[in-house]
Amino acid sequence: MSVAENLAQVNASIRDAESASGRQPESVSLVAVSKFHPVEAVIEALDAGQTLFGENRVQEAFAKFSELTSRGYEYNLHIIGTLQRNKVRDAVKIASCIESVDRIVLLDEIEKQCSKIDKSIDVLLEVHTGEESKAGFTDKAELEQAVALCAGKHYPHITLRGFMTMAPNTDDEEKIRTSFRTVRNLRESFAEKYSLSLPVLSMGMSGDYPLAIAEGATIVRIGTAIFGARQ
Ligand SMILES: *Cc1c(COP(=O)(O)O)cnc(C)c1O
């Protein structure tokens, strides 16, 4: 199947999952995860109408998406992978959102690099909920401190939009749902405590996105189901 056909199928099943769980139509956005796939694959998706993409390595993303810019394409790019501090400078140049903020020093660096180029950026705080992946805040107090710093206007170039997580890689649906629910509950309690709107919950990948939508995801990040297996 072509990228365009896969995209149509994924979009249709997102719409199905929205209606099955009583969500508003189009309340869930699709981030097409193009990591490890060549620029031509991204162009196929762009030509099919997809404009929001996710990449997890800054170097790869920078090469690919700078080329797309120079070829005149318009897109939004989210960084979704663990980010090293020395990659933040390039990341903020190409991304509209960093979804994988997992420590406070990263917020400091994002603010510093954004202020240099006078750019505002959205961020999500990644919450660790799966056992296998090491990514995300593991300490709830530190996570809350990050929320408080963002709420306290500590970072003028950063807008905290919500949270991201990766569920455990398991067939146990209840474990997966618990992971998504944990993040949804955190969002609710922080939004209330800090009077923030925090509208975004980025959760759900190729294997578990219908469950994520049932649990309140507003962004799903899907690679394999659109672009096929990665090399
Ligand atoms: C690769 C990746 C995805 C997409 O995974 P698929 O299973 O290919 O859909 C989503 N989120 C993150 C953080 C990723 O690294």
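What you see below is based on every heavy atom in this structure, not just the backbone, and it leaves out hydrogens, waters and symmetry mates. Both counts, for ligands and for their atoms, begin at 1 and track the order of listing.
The part of N56 lying near ligand 1 is the side chain, judged by heavy-atom distances below 4.0 Å. Residue contacts with ligand 1 for E99 are absent, since no atom lies close enough (heavy atoms, distance under 4.0 Å).
For atom 8 (O) of ligand 1, the nearest non-hydrogen atom of the protein is T224 OG1, 2.5 Å. Protein heavy atom in closest approach to atom 12 (C) of ligand 1: I80 CD1, 3.5 Å. At the top of the distance list for atom 9 (O) of ligand 1, counting protein heavy atoms only, stands S206 OG, 2.5 Å. Protein heavy atom in closest approach to atom 1 (C) of ligand 1: K35 NZ, 1.4 Å. In this structure, atom 11 (N) of ligand 1 lies nearest to the protein heavy atom R221 NE, 2.8 Å. Distance from atom 5 (O) of ligand 1 to its nearest protein heavy atom, with residue and atom name: M205 CE, 3.5 Å.
Using a 4.5 Å heavy-atom threshold, the side chains of M166 and M205 count as touching. Looking at heavy atoms from C-beta onward, I104 lies in side-chain contact with L149 at the 4.5 angstrom threshold. I121 has its side chain out of reach of C97: every pair of non-hydrogen atoms, C-beta onward, lies at least 4.5 Å apart.
Remark: ligand 1 atoms within the under-4.0 Å shell around heavy atoms of M166 are 13 (C). Counting the atoms of ligand 1 from 1 in the order shown, those under 4.0 Å from a heavy atom of I222 are 9 (O). Contact atoms of ligand 1 toward G223: 4 (C), 6 (P), 8 (O), 9 (O) (distance under 4.0 Å to a heavy atom of the residue).
Within a 6.0 Å radius of CZ in R57, other residues, nucleotides and ligands contribute 12 heavy atoms or fewer.
Rounding to the nearest 0.5 Å places CG of D208 at 4.0 Å from CZ of F180.
Annotation: ring-ring contact (aromatic ring centres under 6.0 Å, His included) contacts of F65 (sequence neighbours excluded): F53, Y75.
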Go through it in stages, so that I can follow the logic: the residues are E144 and K140, the test is salt bridge (Lys or Arg N to Asp or Glu O under 4.0 Å), and I'd like the CA-CA distance, side-chain angles, deciding distance and then a yes or no.
CA-CA 6 Å; E144 176 155 4; K140 195 173 168 212; 5.4 Å; no
Residues R221, E99; criterion side-chain contact (heavy atoms from CB on, under 4.5 Å); working and verdict:
CA-CA 11 Å; R221 309 175 310 270; E99 293 199 10; 3.2 Å; yes
